[in-house]
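A quick write-up on the structure given underneath.
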Amino acid sequence: MKNQPHIALEITSKSVRIAVGNEVNGKIYILDLIEKDCNGIQNGFIVDNGIVVNTIKSILNQIQNRFLLQNKTKLLQRITMLSMKQLMI
């Protein structure tokens, strides 16, 4: 079966945490984890939905940018390797 990505969201008493993992052979491996303090949460209660939503969006954007950068880096490495192979021919 193809590897399946998973995203977990945890809202703690004062922060928001998002983990991204990949399922391989029934086990989940964490690829990235970001946690941010959130003023919209006080003593375990959400007191401002907008702040919490913006914190979640901010973390998701950070994760997305990290993965895009990693994928671009991998692509550049592959292009470089292919170019080097062509030079050797």
Side-chain angles (χ1 to χ4, degrees):
M1 179 174 213
K2 188 176 179 181
N3 297 342
Q4 296 295 314
H6 295 272
I7 297 176
L9 167 68
E10 180 179 14
I11 298 175
T12 68
S13 61
K14 62 178 182 174
S15 65
V16 175
R17 183 181 304 150
I18 295 180
V20 178
N22 203 23
E23 183 180 344
V24 180
N25 298 325
K27 294 181 181 180
I28 296 180
Y29 296 90
I30 301 299
L31 302 173
D32 203 351
L33 173 72
I34 297 177
E35 181 175 9
K36 284 190 172 189
D37 288 338
C38 182
N39 295 332
I41 305 168
Q42 293 177 358
N43 300 321
F45 293 97
I46 296 175
V47 294
D48 190 322
N49 291 341
I51 292 174
V52 175
V53 168
N54 287 335
T55 301
I56 293 169
K57 286 179 180 180
S58 172
I59 294 172
L60 289 173
N61 283 333
Q62 247 185 298
I63 288 172
Q64 183 180 20
N65 289 337
R66 284 184 188 182
F67 280 98
L68 287 174
L69 181 60
Q70 287 174 0
N71 287 336
K72 285 180 184 177
T73 301
K74 287 179 186 176
L75 180 61
L76 287 173
Q77 288 171 344
R78 287 183 187 147
I79 290 170
T80 302
M81 288 179 70
L82 287 172
S83 297
M84 290 178 73
K85 285 181 182 179
Q86 288 176 346
L87 289 174
M88 291 178 171
I89 296 177

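All heavy atoms count here, side chains included; hydrogens, waters and symmetry mates do not.
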Quick check: is I46 connected to I59 through a chain of hydrophobic side chains (ILVMFWY, heavy atoms under 4.5 Å apart)?
yes
Which pairs of donor and acceptor atoms, one on a side chain in residues 12-20, lie under 3.5 Å apart (sequence neighbours left out)?
| residue | atom | partner | partner atom | Å |
| --- | --- | --- | --- | --- |
| T12 | OG1 | K14 | N | 3.4 |
| T12 | OG1 | S15 | N | 2.9 |
| T12 | OG1 | S15 | O | 3.1 |
| T12 | OG1 | S15 | OG | 2.7 |
| S15 | OG | E35 | OE2 | 2.7 |
| R17 | NE | E35 | OE1 | 3.4 |
| R17 | NH1 | E10 | OE1 | 2.7 |
| R17 | NH2 | E35 | OE1 | 3.3 |
| R17 | NH2 | E35 | OE2 | 3.1 |

For atom CG of N61, is the number of surrounding heavy atoms from other residues, nucleotides or ligands below 6.0 Å larger than 12?
yes
Salt bridge (charged side-chain N to carboxylate O under 4.0 Å, His left out) contacts in which one or both residues fall within residues 43-61, not counting sequence neighbours
none
Is any side-chain heavy atom of I11 closer than 4.5 Å to a side-chain heavy atom of I41?
yes
Distance (rounded to the nearest 0.5 Å) between S58 OG and I34 CD1
8.0 Å
Are I28 and I7 connected into the same hydrophobic cluster when the rule is that any two of I, L, V, M, F, W, Y join if their side-chain heavy atoms are below 4.5 Å apart?
no
Could you list the residues that satisfy side chain to side chain donor-acceptor pair (under 3.5 Å) with D32, not counting sequence neighbours?
R66
Within this structure, what is the CG-CG distance for the pair N54 and N49, rounded to the nearest 0.5 Å?
11.0 Å
Cluster question for you: counting only ILVMFWY and a side-chain heavy-atom cut-off of under 4.5 Å, with indirect links fine, are V47 and I56 together?
no
Which heavy atom of T55 sits nearest to which heavy atom of C38, and what is that distance?
OG1-SG, 3.5 Å
